[in-house]
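Read the structure below first, then the notes.
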Amino acid sequence: MDVVALVDCNSFYASCERVFRPDLNGRPIIVLSNNDGCVVARSAEAKALGIQMGVPAFQIEGEIRRHKIAVFSSNYTLYADMSRRVMETLRQFSPEIEIYSIDESFLKLDRTQDLLAIGESIRSTVRKWTGVPVSVGFGPTKALAKLANRLSKKSAGVMELTTREQQDEALATTAVSDVWGIGAASTNKLLRYGIKTARDLRDADDVWVRKLLTVVGLKLVHELRGIPAIDWEETVSPKKGICCSRSFGESVTTLEGLQQALATYVSRAAEKLRRQNSLANVVTIFFHSNPFNGDEPYQRSGVIAFPTPTATTNEMIRFVSDAAAKLYKPGTRLKKAGVILTGIVENSNCQLSLFYERDRQHDTALMSALDKINDRFGSRTMRFGAEGIDPKWAAKFEKKSPRYTTRWDELIEVL
DNA sequence: TCTGGGGTCCTAGGACCC
DNA sequence: TCTGGGGTCCTAGGACCC
């Protein structure tokens, strides 16, 4: 008989920063989103100060100074590498592992084992091998493991919800809004009918739930009852949409700037596309003004179908730049732009066109050379001129820590 | 002055077909 | 007075997640 464990890294980004800065032990830490915009991670000390997830950094400048909060820009290279280390460590405990996000994994374990002891062992091993603190929740389903994990963070860091009694108590004391999969919209609907706790939801009528929350909600209710309804996905399936979008460090006010930004984003998206061995049929571009600063709202988007499926960056840049020129209105201040690749197909089953010819072999060779160079010497070592050189619109990361684990020249120094 | 980014899944409704 | 029925496919939009 199986049991599901959910292992979740505590305050992941903040914890990654602390691993390399032991001087920050006990100090509140926050990590900011792109452009040093919003708070996306908070250490336990920062949470205790009442710093909310998602608040704009400029709104809490006073608190930051008063409490000497350590502030970091996002260092995705570091977090991705630390995540890989944590996940590799978790494989020691079960061959059946589903990496759910950068800081969470589901593991399948044998129910006959002493779960609390296993949980402790996971915590101490990951801590010792990577420096990252984790919490562990056990349950018969993913939703219950998730809930157990949530509750574990308020106590010893390990919690199991495997018996009916444990579940009854935990569900009764959990607000329905705290259930995994129940967001603001569903919470409002449920509260209107007097469903306040996770236990109320678990005990609701199937037909009624399906009508109110569709099959997604019904699956969730089954999970809360201990009946697995959410699939186990160990293999990463290829993405069906690949998006790359960014807010600008400085407003873009020219077509040229917009085209550079879009070229940069489509390059990144194409890179991801090639990495999963796919081609795209369609690219959507979008851009808009700043919705916060009182500027006239302005937004445009366009959908471009490629003549044949492609993963060739320079080909994409041409289509994207042409479309941008058609959509762009001079005299606007743009804050954000992005591209989305869709209509994604496997590289092997690609429908060619009779009337559109490109030297596909040449394209493939060029892209493969480009990817190899960037893999070896670092991302964006070689790129297209259309992306611009050191552009002003590029996002700001003014408080970024070194890439301690992935760059020889940024290794930690012990003096 | 300063407000993130990248995904998945489901449903409703329209277009189109026989 | 009478005005079919049953499908598929696509898209936009909503909801949710980390």
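In what follows, chains are A, B, ... by sequence order, proteins preceding strands, each numbered from 1.
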- prompt: Between A:Y76 and A:K240, which is nearer to the 5' end of DNA chain B once each is assigned its nearest nucleotide?
  reply: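 That would be A:Y76.
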Rounded distance in Å - [atom1] ([X]) to [atom2] ([N]):
| X | N | atom1 | atom2 | value |
| --- | --- | --- | --- | --- |
| A:N35 | B:dT1 | CG | P | 17 Å |
| A:N34 | B:dT3 | CG | P | 12 Å |
| A:R210 | B:dC10 | CZ | C1' | 10 Å |
| A:F248 | B:dT3 | CZ | C1' | 16 Å |
| A:L218 | B:dT11 | CG | C1' | 15 Å |
| A:W180 | C:dA15 | CH2 | C1' | 15 Å |
| A:E104 | B:dG7 | CD | C1' | 14 Å |

Phosphate-side-chain proximity, [X] and [N], N/O vs OP1/OP2 below 4.0 Å:
| X | N | result |
| --- | --- | --- |
| A:K335 | B:dT3 | yes |
| A:K336 | B:dG5 | yes |
| A:S245 | B:dG6 | yes |
| A:R268 | B:dG6 | no |

Output the distance between atom [atom1] ([X]) and atom [atom2] ([Y]), rounded to the nearest 0.5 Å.
| X | Y | atom1 | atom2 | result |
| --- | --- | --- | --- | --- |
| A:N75 | A:Y13 | CG | OH | 10.5 Å |
| A:D322 | A:I317 | CG | CD1 | 12.0 Å |
| A:R380 | A:T264 | CZ | OG1 | 5.5 Å |

- request: Please determine if A:K142 forms a cation-pi arrangement with A:W180, meaning its NZ or CZ atom is less than 6.0 Å from the six-membered ring centre and no more than 45° off the ring axis.
  value: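 Negative - A:K142 is either too far from the ring of A:W180 or too far off its axis.
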- prompt: Looking at residues 46-70 of chain A, who's got a heavy atom less than 4.0 Å off DNA chain B?
  reply: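 Output list: A:P56, A:F58.
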Regarding [X], tell me which of base, sugar-phosphate or nothing describes its non-hydrogen contacts under 4.0 Å with the strands shown.
| X | answer |
| --- | --- |
| A:D36 | nothing |
| A:L32 | nothing |
| A:S186 | sugar-phosphate |
| A:K146 | sugar-phosphate |
| A:V303 | nothing |
| A:I102 | nothing |
| A:K272 | sugar-phosphate |

task: Specify the closest pair of heavy atoms between A:P307 and A:F319, including all atoms of both residues, with the distance to one decimal.
output: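 Looking at all heavy atoms of both residues, the shortest contact is CD-CZ, 3.4 Å.
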Where the side chain of [X] is concerned, which of [options] is the nearest nucleotide?
| X | options | answer |
| --- | --- | --- |
| A:Y100 | B:dG5, C:dC17, B:dG6 | C:dC17 |
| A:C38 | B:dT3, B:dG7, C:dC18 | B:dT3 |
| A:A185 | C:dA15, B:dG7, B:dG4 | C:dA15 |

- prompt: Pairing of DNA chain C as dot-bracket, 5' to 3': ( ) intra-strand, [ ] crossing, | other strand, . unpaired, with Watson-Crick or G-U pairs under 3.5 Å?
  reply: ....||||||||||||||
task: Starting from the C-alpha separation in whole Å, work towards a yes-or-no answer on salt bridge (Lys or Arg N to Asp or Glu O under 4.0 Å) for A:D206 and A:R210.
output: CA-CA 6 Å; A:D206 277 14; A:R210 195 190 187 292; over 6 Å; no
message: Evaluate A:V31 against A:S74 for side chain to side chain contact (heavy atoms under 4.5 Å, CB included), listing each step before the verdict.
response: CA-CA 6 Å; A:V31 179; A:S74 289; 4.0 Å; yes
field: Rounded distance in Å between the C1' positions of C:dC17 and B:dG4
entry: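 One C1' to the other, the span is 15 Å.
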